[in-house]
Structure formats: C-alpha cells, structure tokens
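Below is one structure, written out as structure tokens; the observations come after it.
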Amino acid sequence: MTLNEKLDWLIDQWCERRALRPLRFLLFANHNALVHTDQFGALLDSLRDVKGLCRDDITAEELTLVISAINELEDFMNARLNP
C-alpha cells in the first residue's frame, strides 16, 4: 500500500466513524498537494500528532498504518535531506 493509499484509507475510516480529532490533524496537512519538503514535514508532524494525541480515537489497525506512514515519511525525508 502506497503512502497516499494509507492516508486515503485512514481518512475514509475516520470519516465513516466521524473521528474528528485525527481527521483535523491529517486534513490540515493536505496530503494531496505534496510538492515541497516543508509540506512533507507538515504531514509528518500531523501524523506524529495523531499518534501522540489521538490514541483514544483510533483503532489498533489505524495506529499501525499511522506508524507505517510516519516511518515511510521519515525515510523519505532522511534520503532527501542527506543524499
């Protein structure tokens, strides 16, 4: 599953359940418009906020995907910033 597929799935799940707290963090980052490093950083920060602040609002499966997305973004950022 690609990063965009993970994020889309999470958004769909949270919309269905009306889990507004994690949605607020993720939608703020606008993952569909990732062009600059700052935008990737904002998405990474948003996912870290979901992981740290929304544990009561997300399922174990969703948490696993959030952590996977965080790891993928960290790897991408490290590769981009440290060629």
ask   = With the 4.5 Å side-chain cut-off for hydrophobic clustering, are Leu47 and Phe28 part of the same group?
value = no
Kindly state each residue pair satisfying ring-ring contact (aromatic ring centres under 6.0 Å, His included) with at least one member in [range], sequence neighbours excluded.
| range | value |
| --- | --- |
| residues 48-68 | none |
| residues 55-83 | Phe40-Phe76 |
| residues 41-74 | none |
| residues 49-73 | none |

Pair Leu53-Phe25, side chain to side chain contact (heavy atoms under 4.5 Å, CB included): steps then yes or no = CA-CA 10 Å; Leu53 301 173; Phe25 288 110; 3.8 Å; yes
note = Between the CG atom in Leu44 and the CD atom in Gln39, the distance rounded to the nearest 0.5 Å is 13.5 Å
task = Quick one: pull up CG in Leu7 and CD in Glu72 and give me the separation to the nearest 0.5 Å.
result = 8.5 Å
ask   = With a cut-off of 6.0 Å (strictly less than), are more than 12 heavy atoms of other residues, nucleotides or ligands near CG of Asp56?
value = no
query = Has the side chain of Ser46 got a donor or acceptor atom that lies under 3.5 Å from a matching backbone atom of Leu26?
reply = no
task = Using modelled atom types only, decide if a donor and an acceptor are shared between the side chain of Glu5 and the backbone of Thr2 within a distance under 3.5 Å.
result = yes
Show me the side-chain donor-acceptor pairs of residues 58-68 shorter than 3.5 Å, one per line, residues at least two apart or across chains.
| residue | atom | partner | partner atom | Å |
| --- | --- | --- | --- | --- |
| Thr59 | OG1 | Glu62 | N | 3.1 |
| Glu62 | OE1 | Trp14 | NE1 | 2.9 |
| Glu62 | OE1 | Arg17 | NH1 | 3.4 |
| Glu62 | OE1 | Arg17 | NH2 | 3.1 |
| Glu62 | OE1 | Thr59 | N | 2.9 |
| Glu62 | OE2 | Arg17 | NH1 | 2.6 |
| Thr64 | OG1 | Ala60 | O | 3.0 |
| Ser68 | OG | Lys6 | NZ | 2.6 |

inquiry  = Applying salt bridge (Lys or Arg N to Asp or Glu O under 4.0 Å), can you list everything that pairs with Arg21, at least two apart in sequence or on another chain?
reply    = Asp57
query = Can you name the side chain to side chain donor-acceptor pair (under 3.5 Å) partners of Arg48, sequence neighbours left out?
reply = Glu74
request  = Test side chain to side chain contact (heavy atoms under 4.5 Å, CB included) on Asp49 and Cys54 and set out the steps.
outcome  = CA-CA 7 Å; Asp49 287 341; Cys54 301; over 6 Å; no
